[in-house]
Novice: 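Sharing a structure with you now.
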Amino acid sequence: MTTTEAKSTTDSELDAIFGPIFDRIAQGAVARENDRTLPYEEVGELRAAKFGALRVPVELGGYGVTVRQLFRLLIALAGAESNLPQALRVHFSFVEDQLLADQGPERERWLRAVAEGTLVGNAITEPGVGAVDRYRTTLTEDDGRWLLNGVKYYSTGSLYADYILAAADRNGERVGVLVDAHADGVRQHDDWDGFGQRLTASGTTEFTDVVVTEDRILGPGYGAPGPTYATSYLQLVQLAVLAGIAERAERDIREWVAARTRGYTHSAADLPRHDPLVQQVIGRLSAAAFAAEASVLAVADVLDEVLAGGAKDESALVAAELAAARAQLAVIDLVLPATSLLFEVGGASVVTERLRLDRHWRNARTISVHNPAIQKARAIGDHLLNGADLPFAWSAGERAGGAAQ
């Protein structure tokens, strides 16, 4: 057992701290969805409670939790507001990078900053060619200064963040750059137009001659060749979102059915909650939520071991990636049908916008297209049948010869 694990905050202590916060966040979820109100206040409450410092060691001001504890809370937060864990996805990966870094003042500086409420967003993905060839966002030297220029899309969570982790090209080399979100030359837009996860602030970020100091250039960054913990970790956050959506969907429809008195002339019972067919639907939704959470926590256990070992064992990294890939296919196949099945328990009244139950399917469908499942299924099969390497560098963009004719 490591020192951090020995000092880890208990689940009951974490529930006492964050349970009431999650409940308050959940109360406004439908209104925010209807009005497209970005959850700045909710992020502020999480920031004040040091939610972003869950993995930061206790001696540096955090909670020192395990990966499993973190993902248990991410599932619960997703049940309250599915946009928030996705918005914090790269933040938690940034924290893991600091935990894995060599002991030194920079590592301690950033971990203490996180414990004080600092949040990190991202600006990695680009439109068009993207990073399939090389990033079009560039870091160039000009009169002794480094300048960042480019346009990014899917900058998830950056509107809520203090710093933005950007991916750039420096003379043919991939680099990660940490930029002050409010620096001169940074412009952010809430122009994400997806039909789900609309409050993740996954819009466009523009960098125009943003000055970057040497200490903010962090190395290869996302997409560097070779096995990494990061892809399985980032994928698992998305799966935690799906598990949380399933739990909230089951709870919402169960509470609606329990209070409902209207039924059908041909129903098997006078009240919907006594109807065996309705009971069956609730049972299936509950099973889907349970299995989705169990899958996420099983992969979290694998990542706990990988990260505790410094994330250097290549076979362990491959095992974690395979576990997350398998879980992705399983969880999607559980949650998407469940968020559609819930409508079978009622008539036209179940689709009222007052309930906004459609948000569960829309959000789950949107999360599920990240890192497309059909490509992941093929990669798993090729790996198991032919020993092919799993894809760790996931990048979207136009490939050579792939342009429309």
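Heavy-atom basis, side chains included; hydrogens, waters and symmetry copies ignored.
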Novice: Could you report the tightest heavy-atom contact between L199 and T37, atom names first, then the distance?
Specialist: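 Taking L199 first and T37 second, the nearest heavy atoms are CD1-O, 3.6 Å.
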
Novice: Between the side chain of E206 and the main-chain N/O of V151, is any donor-acceptor distance below 3.5 Å?
Specialist: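 The answer is no, because no donor-acceptor pair under 3.5 Å joins these two groups.
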
Novice: Closer than 3.5 angstrom, by distance alone: can the side chain of E344 be matched with the main-chain N or O of L341 as a donor-acceptor pair?
Specialist: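 Side chain of E344 to backbone of L341, a donor-acceptor pair under 3.5 Å: no, none is there.
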
Novice: What's the separation between atom CG in L88 and atom CG in L46, rounded to the nearest 0.5 Å?
Specialist: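 Between atom CG of L88 and atom CG of L46 there are 7.0 Å.
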
Novice: Scan side-chain atoms only and decide if N83 and E81 contain a donor-acceptor pair under the 3.5 Å cut-off.
Specialist: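 Yes, side-chain donor-acceptor contact under 3.5 Å.
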
Novice: Is any side-chain heavy atom of L14 closer than 4.5 Å to a side-chain heavy atom of L54?
Specialist: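 Answer yes - side chains close enough.
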
Novice: Would you check if L357 and V351 make a side-chain contact, meaning some heavy-atom pair closer than 4.5 Å?
Specialist: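 Answer no - side chains too far apart.
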
Novice: Got a donor-acceptor contact below 3.5 angstrom from the E126 side chain to the Y135 backbone?
Specialist: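 No; judged by distance alone, with no hydrogens or angles, the pair does not exist.
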
Novice: Report yes if the side chains of L342 and W361 come closer than 4.5 Å at any heavy-atom pair, otherwise no.
Specialist: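 Side-chain contact under 4.5 Å: no.
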
Novice: Give a yes or no on whether a salt bridge exists between D162 and R47, defined as a side-chain N under 4.0 angstrom from a carboxylate O.
Specialist: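 Salt bridge present between D162 and R47.
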
Novice: Nearest 0.5 Å please: distance from the CG atom of L73 over to the CG atom of D15.
Specialist: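 Going from CG on L73 over to CG on D15, the span is 6.5 Å.
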
Novice: Is there side-chain contact between L218 and L178, with at least one heavy-atom pair below 4.5 Å?
Specialist: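 Of all side-chain heavy-atom pairs linking L178 with L218, at least one is under 4.5 Å.
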
Novice: Provide the closest heavy-atom pair for T339 versus L336 in the form atom of the first, atom of the second, distance.
Specialist: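 Heavy atoms of T339 and L336 come nearest at OG1-O, 2.9 Å.
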
Novice: Which atom pair, heavy atoms only, marks the closest approach of A115 to L60?
Specialist: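 Scanning both residues completely, I find the closest heavy atoms to be CB-O, 3.4 Å.
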
Novice: Please test T156 against H370 for side-chain contact (heavy atoms from CB on, under 4.5 Å), starting from the C-alpha separation and ending with a verdict.
Specialist: CA-CA 12 Å; T156 305; H370 287 69; 5.8 Å; no

Novice: Do the side-chain N and O atoms of T138 and T140 include a donor-acceptor pair separated by under 3.5 angstrom?
Specialist: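 No pair is found: no donor N or O on one side chain lies under 3.5 Å from an acceptor on the other.
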
Novice: Look at the side chain of T118 and the backbone N and O of A113, then say whether any donor-acceptor pair between them is shorter than 3.5 Å.
Specialist: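 Yes.
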
Novice: side-chain contact (heavy atoms from CB on, under 4.5 Å) for W256 and V345? Distances and angles first, verdict last.
Specialist: CA-CA 10 Å; W256 185 78; V345 302; 4.0 Å; yes

Novice: Is there a donor-acceptor pair closer than 3.5 Å between any side-chain N or O of Q328 and the backbone N or O of L239?
Specialist: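 Not a single qualifying donor-acceptor pair exists.
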
Novice: Considering all heavy atoms of both residues, which atom of P57 and which atom of L99 are nearest to each other, and what is their separation?
Specialist: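 Looks like CD-CD2, 3.6 Å.
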
Novice: So for atom CD, which belongs to E106, do other residues, nucleotides or ligands contribute more than 12 heavy atoms lying within a distance under 6.0 Å?
Specialist: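 Check passes, neighbour count above 12.
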
Novice: With E33, which of R248, R354, R198, R359 fulfils salt bridge (charged side-chain N to carboxylate O under 4.0 Å, His left out)?
Specialist: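 Looking at R248, R354, R198, R359, the match for E33 under the salt bridge (charged side-chain N to carboxylate O under 4.0 Å, His left out) is R198.
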
Novice: State whether the number of non-hydrogen atoms from other residues, nucleotides or ligands found under 6.0 Å of F18 atom CZ is greater than 12.
Specialist: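 Atom CZ in F18 is crowded, with more than 12 foreign heavy atoms closer than 6.0 Å.
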
Novice: Starting from the C-alpha separation in whole Å, work towards a yes-or-no answer on salt bridge (charged side-chain N to carboxylate O under 4.0 Å, His left out) for D275 and R260.
Specialist: CA-CA 12 Å; D275 188 323; R260 184 170 168 79; over 6 Å; no

Novice: Check step by step if side-chain contact (heavy atoms from CB on, under 4.5 Å) holds for V211 and L147.
Specialist: CA-CA 5 Å; V211 177; L147 300 179; 3.9 Å; yes

Novice: So, the side chain of R216 versus the backbone of V177: is there a donor-acceptor pair under 3.5 Å, distance only?
Specialist: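 Here the side-chain-to-backbone pair does not exist.
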
Novice: For atom CZ of R262, decide whether the heavy atoms of other residues, nucleotides or ligands shown that lie under 6.0 angstrom number more than 12.
Specialist: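 It does not: R262 CZ has 12 such atoms or fewer within range.
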
Novice: Within the supplied structure, the quantity of interest is the number of heavy atoms (other residues, nucleotides, ligands) at a distance under 6.0 Å from D11 CG; does it exceed 12?
Specialist: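 Yes, enclosed.
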
Novice: Atom CZ in R107, atom CG in D97: separation rounded to 0.5 Å?
Specialist: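 Reported value, rounded in 0.5 Å steps: 11.5 Å.
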
Novice: What's the separation between atom CD in E247 and atom CG in L242, rounded to the nearest 0.5 Å?
Specialist: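 CG of L242 is found 11.5 Å from CD of E247.
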
Novice: Please say whether more than 12 non-hydrogen atoms of neighbouring residues, nucleotides or ligands are located less than 6.0 Å from CD in E141.
Specialist: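 Atom CD in E141 is crowded, with more than 12 foreign heavy atoms closer than 6.0 Å.
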
Novice: Does E13 use its side chain to pair, donor to acceptor, with the backbone of T10 at less than 3.5 Å?
Specialist: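 At least one qualifying donor-acceptor pair exists.
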
Novice: For S155, which of D190, T205, T125, T200 qualifies under side-chain hydrogen bond (donor to acceptor under 3.5 Å, both in side chains)?
Specialist: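 Testing each of D190, T205, T125, T200 against S155, the sole residue satisfying side-chain hydrogen bond (donor to acceptor under 3.5 Å, both in side chains) is T205.
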
Novice: State the CD1-CD distance between I367 and Q86, to the nearest 0.5 angstrom.
Specialist: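 If I round to the nearest 0.5 Å, the distance is 3.5 Å.
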
Novice: Which heavy atom of V335 sits nearest a heavy atom of A364, and at what distance?
Specialist: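 Taking V335 first and A364 second, the nearest heavy atoms are CG1-CB, 4.0 Å.
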
Novice: If you count every heavy atom of other residues, nucleotides or ligands that lies below 6.0 Å from D35 atom CG, does the total exceed 12?
Specialist: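 More than 12 within 6.0 Å, yes.
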
Novice: Passes side-chain contact (heavy atoms from CB on, under 4.5 Å), V67 versus R55? Steps please.
Specialist: CA-CA 8 Å; V67 177; R55 286 278 290 156; 3.6 Å; yes

Novice: Contact between D209 and N149 at the side-chain level, heavy atoms closer than 4.5 Å - yes or no?
Specialist: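 In short, these two side chains touch, coming nearer than 4.5 Å.
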
Novice: Please tell me if the side chains of R109 and D215 come closer than 4.5 Å, counting only heavy atoms from C-beta onward.
Specialist: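 Yes - at least one pair of side-chain heavy atoms lies under 4.5 Å apart.
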
Novice: Determine whether V318 and H383 make a side-chain contact, defined as any pair of heavy atoms from C-beta on separated by less than 4.5 Å.
Specialist: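 With C-beta onward as the side chain, the pair touches.
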
Novice: Compile the donor-acceptor pairs under 3.5 Å between side chains in residues 280-301 and protein atoms, sequence neighbours left out, one pair per line.
Specialist:
from : atom 1 : to   : atom 2 : distance (Å)
S295 : OG     : A291 : O      : 3.0
D301 : OD1    : R68  : NH1    : 3.2
D301 : OD2    : R68  : NH1    : 2.9

Novice: Please tell me if the side chains of R89 and N122 come closer than 4.5 Å, counting only heavy atoms from C-beta onward.
Specialist: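 No, side chains not in contact.
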
Novice: Answer with yes or no whether the side chains of E96 and Y229 bring together a donor and an acceptor at under 3.5 Å.
Specialist: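 No, no side-chain donor-acceptor pair sits under 3.5 Å.
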
Novice: Just do the salt bridge (charged side-chain N to carboxylate O under 4.0 Å, His left out) check on D358 and R356 with the steps written out, would you?
Specialist: CA-CA 5 Å; D358 61 300; R356 189 52 80 188; 3.2 Å; yes

Novice: Examine distances only and state if a side-chain atom of W192 and a backbone atom of Q197 form a donor-acceptor pair shorter than 3.5 Å.
Specialist: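 At least one qualifying donor-acceptor pair exists.
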
Novice: Kindly compute the distance separating CZ (R362) from OG (S82), expressed to the nearest 0.5 Å.
Specialist: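 The OG atom of S82 is 9.5 Å from CZ of R362, to the nearest 0.5 Å.
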
Novice: If we ignore hydrogens and angles and just use 3.5 Å, is the side chain of T204 paired with the main-chain N or O of Y153 as donor and acceptor?
Specialist: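 Flag not set: sc T204 to bb Y153 has no pair under 3.5 Å.
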
Novice: Can you see which heavy atom on I253 is nearest to which on V350, and at what distance?
Specialist: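 So the two residues come closest at CD1-CG2, 3.7 Å.
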
Novice: Should we say atom CZ of R187 is surrounded by more than 12 heavy atoms from elsewhere, each under 6.0 Å from it?
Specialist: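 Open: at most 12 neighbouring heavy atoms sit under 6.0 Å from CZ of R187.
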
Novice: Kindly state each residue pair satisfying ring-ring contact (aromatic ring centres under 6.0 Å, His included) with at least one member in residues 307-358, sequence neighbours excluded.
Specialist: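 Sorted pair list comes back empty.
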
Novice: Only one of F392, F71, F92 clears ring-ring contact (aromatic ring centres under 6.0 Å, His included) with Y233; which?
Specialist: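 It is F71; the other options fail the test.
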
Novice: Taking atom CD of E173 as the centre, does the number of heavy atoms from other residues, nucleotides or ligands within less than 6.0 Å exceed 12?
Specialist: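 For E173, atom CD is crowded (more than 12 foreign heavy atoms under 6.0 Å).
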
Novice: Looking at A167, is its backbone amide N or carbonyl O close enough to the side chain of K152 to form a donor-acceptor pair, meaning the two atoms are under 3.5 Å apart?
Specialist: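 Answer holds: yes.
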
